[in-house]
Amino acid sequence: MNDDRSEPDFQILRLPGAASSAQSGHLVGFDRRELQAIFQIYGRMVAVGVWRDYAMDFLPTRAVFSIFRHHGEAAYYRIVKEPRAARKQGAYSIIMQTGLILKRGPELPRLLAALEKRPRLV
């Protein structure tokens, strides 16, 4: 329970002695706008019954949102935010279960459109 006098429900994680490009020890994370876009598509796919679970990992060089079909399997898709790659190939990438990069680019909503199921002509 969180009232006005208590501490917030979240913490900023800092790694002691993190040896990477993030010398200050801060972890890369998703901001509110990015999470909103991810959870919009995630919610639709859960409602359809395709996806069932997710996990988030925050590391010094990247943040990863993993999507699972079943909780016991490997991640079906991984949405990766890697700010140091922003100039070269875009900060965001979607990686399939096999390790193949499905899409990569600077705009997250455009990449997430690749995950939408398209109706098929039968």
Side-chain angles (χ1 to χ4, degrees):
M1 195 138 139
N2 190 7
D3 60 1
D4 292 334
R5 324 178 257 138
S6 66
E7 294 182 19
D9 291 335
F10 62 90
Q11 294 180 357
I12 297 175
L13 302 175
R14 296 171 197 233
L15 297 176
S20 68
S21 62
Q23 291 297 325
S24 63
H26 292 275
L27 301 176
V28 176
F30 294 104
D31 64 19
R32 181 176 290 217
R33 178 186 50 84
E34 294 164 340
L35 283 175
Q36 184 177 13
I38 292 170
F39 277 119
Q40 279 182 343
I41 188 168
Y42 178 79
R44 285 193 300 267
M45 298 304 270
V46 167
V48 172
V50 177
W51 298 342
R52 298 193 180 191
D53 203 3
Y54 73 92
M56 290 189 279
D57 297 312
F58 303 107
L59 306 169
T61 58
R62 65 184 157 187
V64 182
F65 187 95
S66 302
I67 299 167
F68 299 90
R69 279 190 169 176
H70 303 286
H71 68 277
E73 296 180 350
Y76 189 59
Y77 289 114
R78 288 177 298 168
I79 301 168
V80 180
K81 176 183 178 182
E82 200 166 5
R84 68 179 180 169
R87 288 186 184 173
K88 296 178 185 175
Q89 49 211 339
Y92 304 101
S93 58
I94 298 176
I95 303 171
M96 298 177 65
Q97 186 174 15
T98 59
L100 180 69
I101 296 174
L102 179 65
K103 272 243 192 236
R104 180 179 278 166
E107 298 175 9
L108 184 61
R110 183 175 285 183
L111 269 67
L112 293 175
L115 299 178
E116 291 282 347
K117 287 232 177 212
R118 308 249 188 312
R120 295 184 192 176
L121 183 61
V122 179

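Looking at heavy atoms from C-beta onward, I67 lies in side-chain contact with I79 at the 4.5 angstrom threshold. Considering only heavy atoms from C-beta on, L108 comes within 4.5 Å of I38 through its side chain.
Under the salt bridge (Lys or Arg N to Asp or Glu O under 4.0 Å) criterion, R87 pairs with no residue at all, not counting sequence neighbours. Remark: A75 engages S66, F68, R78 in a side chain to side chain contact (heavy atoms under 4.5 Å, CB included) (not counting sequence neighbours).
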Report all side-chain donor-acceptor pairs from residues 89-106 shorter than 3.5 Å, counting only partners two or more places apart or in another chain.
{"residue": "Q89", "atom": "OE1", "partner": "R104", "partner atom": "NH1", "Å": "2.7"}
{"residue": "Y92", "atom": "OH", "partner": "E34", "partner atom": "OE2", "Å": "2.2"}

Distance-only donor-acceptor hits, side chain of residues 41-60, under 3.5 Å, sequence neighbours excluded:
{"residue": "Y42", "atom": "OH", "partner": "D53", "partner atom": "N", "Å": "3.3"}
{"residue": "R44", "atom": "NE", "partner": "E116", "partner atom": "OE2", "Å": "3.3"}
{"residue": "R44", "atom": "NH2", "partner": "E116", "partner atom": "OE2", "Å": "2.3"}

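In the hydrophobic clustering of ILVMFWY residues, with side-chain heavy atoms under 4.5 Å counting as a link, V28 and V80 come out apart.
The distance from the CG atom of L115 to the OH atom of Y76 is 9.5 Å, given to the nearest 0.5 Å.
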Verdict with supporting geometry, F39 and F30, ring-ring contact (aromatic ring centres under 6.0 Å, His included): CA-CA 12 Å; F39 277 119; F30 294 104; 9.4 Å; no
